[in-house]
Novice: 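Please read through the structure below; I'll follow up with questions.
Heavy-atom basis, side chains included; hydrogens, waters and symmetry copies ignored. Positions are given from 1, in the same order as the sequence printed here.
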Amino acid sequence: MKIKFKKIQRLISNYRKDDIFNFCIAALDRNKDNIQFPIWYIFSLMKWTYLFGGKRTSPKRLTQNKFKKISNLILDFNQEHITQFIKEDINKGFQILHNQQFYLQRSIYKEIYATQISIFVTTGKKYDINQSFKEKTGLSIIDFLYISQIVWLYSNTDELNENEFKFDGYFYNDFWEILKKVKSEDKINSFLKLLTLNNKDAEKAISTFKYRMRDKNLQTMEKSFFIMFPFIIHKNQTRLIHKKLLPYVISYYIYDFLKSNDDKFTTELGYRLEKYVSLGLNELNFNYQTENDLKKRLKKGSKLVDFYIETENIFIEVKASEIQPYPSVNPKDNLIFNSLKTSIFKAYFQQLLEVSKQISPNKENWGIIITFKEYFWSRFSDLYEIGKSKYPNLTSIDHLPPENVFIIDIYTWNKIIQIVKDKKATLSQILKKVKKNNSNKLTSKQIFEMHLDDYNLTGFHLDYLENELNEMKIG
């Protein structure tokens with residue numbers, strides 16, 4: 001029988017908020033080493049507890065069995081939504097799972113910090129992103145990343161070193177007092193204020209969350225709003241809700257925060273991403289042409305792309321965009337198209353196709369669309385099927401077929417640059433291998449980065465991040 005949300009809401013309202021939170025924290029702690037435990041459902045329960053918990057005048061006593069009943073209802077809630085998409089198109093089903101779960105499976109390495117310093121601080125243009133962040137948070141971007149690094153190291157001490165210390169999820173006051181000797185008290189307080197959920201502000205935090213689903217039937221499939229508030233006050237101490245939140249917070253908090261709080265951010269980010277991509281091309285000593293160079297070669301009024309590497313027939317377009325939340329959990333063709341119409345679809349159908357046809361009509365060409373965030377749809381062939389009917393005047397695509405076009409996030413771009421620098425493969429060889437892999441169901445992968453595991457990348461030594469890495473050195 002289909003579970004109705006009102007039943008879950010009614011059950012949650014029967015119990016005190018603190019009691020439900022205590023059971024949620026206990027469940028997370030009890031299963032912290034269980035990789036199959038669906039922590040995202042506990043996040044949903046905690047969110048709904050903020051909104052609906054404790055409404056009953058005389059709250060009932062919460063027991064383990066009653067908590068389990070609520071948890072199981074949430075686990076089974078609206079599973080038919082995902083099942084429906086999996087039956088129609090398994091990739092669309094996995095798109096939903098990607099949005100719901102994959103952000104909790106990220107890893108952290110020092111170049112993620114350095115990349116953000118380069119893009120948000122070093123690579124300046126007309127608008128000062130760092131100053132904007134500082135005015136809104138009380139922290140510079142380097143301060144935020146530096147403190148985040150220490151928090152991540154502390155929360156992973158038991159995994160990084162074999163010692164008796166076991167992180168129990170809490171950052172006790174003595175930890176913050178020691179950290180205040182490294183960074184000022186004002187900066188530590190600003191960091192905690194920014195990332196700690198205040199109970200009285202919880203409803204506002206939930207209602208203004210950028211990735212929220214208004215439809216309650218879809219809310220178990222959204223990214224948790226805890227990516228903006230990974231800390232709560234529990235037992236009078238700062239509690240990290242779950243340490244799997246931290247890699248996402250470190251990788252994307254600055255982006256998400258400014259995207260929601262600064263109207264000038266996205267335009268400026270586009271300029272800076274272009275500059276950052278050029279640093280990688282320069283590292284490899286590529287002889288490439290920029291948008292201005294191409295403008296001189298193309299017909300007047302032609303669309304442009306950001307870079308062209310003539311020796312490898314690779315065309316690159318940078319887009320500071322991401323798919324909107326609703327089509328991420330309800331991936332119908334029209335919703336996906338409307339979300340990406342002015343970014344990813346435009347890049348291929350109006351820019352890459354036109355430019356490559358004029359410049360290199362008779363060769364095998366390749367296209368790369370570089371974004372800040374990871375896309376589930378990293379191979380464009382899937383999106384091509386969604387978008388082709390929207391372009392009735394489309395002529396030949398033989399010079400740049402969709403299976404030759406890939407969507408790559410900026411952190412994966414670093415890995416590609418390192419692989420080429422290590423002479424493990426050329427850029428075009430990587431693209432050809434990924435295309436070949438994707439042509440076989442046994443080796444096909446939806447996310448581009450997964451293909452790079454074959455190159456056994458063991459570390460980075462990128463000159464364009466050297467100064468930024470020095471900013472993150474501890475001690």
Novice: Cation-pi between Lys243 and Phe167: NZ/CZ under 6.0 Å from ring centre and within 45° of the ring axis?
Specialist: no
Novice: For the rings on Phe171 and Trp176, is their centre-to-centre separation under 6.0 Å?
Specialist: yes
Novice: Is it the case that Lys259 places NZ or CZ above or below the six-membered ring of Phe265, under 6.0 angstrom from the centre and within 45 degrees of the axis?
Specialist: no
Novice: Answer with yes or no after comparing the ring centroid distance for Tyr255 and Tyr253 against a 6.0 Å cut-off, counting only values under it.
Specialist: no
Novice: Give me each pair satisfying ring-ring contact (aromatic ring centres under 6.0 Å, His included) with a member in residues 318-338, each pair once, sequence neighbours excluded.
Specialist: Phe337-Phe345
Novice: Counting only heavy atoms from other residues, nucleotides and ligands, does the tally under 6.0 Å from NZ of Lys275 exceed 12?
Specialist: no
Novice: Walk me through whether His98 and Phe94 qualify under ring-ring contact (aromatic ring centres under 6.0 Å, His included).
Specialist: CA-CA 6 Å; His98 178 268; Phe94 275 102; over 10 Å; no
Novice: Report yes if some heavy atom in the side chain of Thr49 is under 4.5 Å from a heavy atom in the side chain of Phe23; otherwise report no.
Specialist: no
Novice: Taking the side chain as every heavy atom from C-beta outward, state whether Ile370 and Glu317 have any pair of such atoms under 4.5 Å apart.
Specialist: no
Novice: NZ of Lys180: more than 12 outside heavy atoms within 6.0 angstrom?
Specialist: yes
Novice: Please tell me whether Gln95 and Trp377 have a donor and an acceptor in their side chains that are separated by less than 3.5 angstrom.
Specialist: yes
Novice: We want to know whether Ser444 and Asn437 form a side-chain donor-acceptor pair, criterion being a heavy-atom distance below 3.5 angstrom.
Specialist: no
Novice: Identify every side-chain donor-acceptor pair in residues 452-463 under 3.5 Å, counting partners at least two apart or on other chains, and give the distances.
Specialist:
from: His461; atom 1: NE2; to: Gln418; atom 2: NE2; distance (Å): 3.0
from: His461; atom 1: NE2; to: Asp422; atom 2: OD1; distance (Å): 3.0

Novice: To the nearest 0.5 angstrom, please state how far the CD1 atom of Ile147 sits from the CG atom of Leu139.
Specialist: 5.5 Å
Novice: Determine whether the side chains of Tyr154 and Gln149 contain a donor N or O and an acceptor N or O closer than 3.5 Å.
Specialist: no
Novice: Considering residues at least two apart in sequence or located in another chain, which fulfil the side chain to side chain contact (heavy atoms under 4.5 Å, CB included) criterion with Phe229?
Specialist: Leu197, Ala205, Phe225
Novice: Do you see a donor-acceptor pair shorter than 3.5 Å between the side chains of Asn440 and Thr443?
Specialist: no
Novice: With distance as the sole criterion, is a donor-acceptor pair present between the side chains of Ser148 and Tyr113 under 3.5 Å?
Specialist: no
Novice: Report yes or no: do Glu222 and Trp40 form a side-chain donor-acceptor pair below 3.5 Å?
Specialist: no
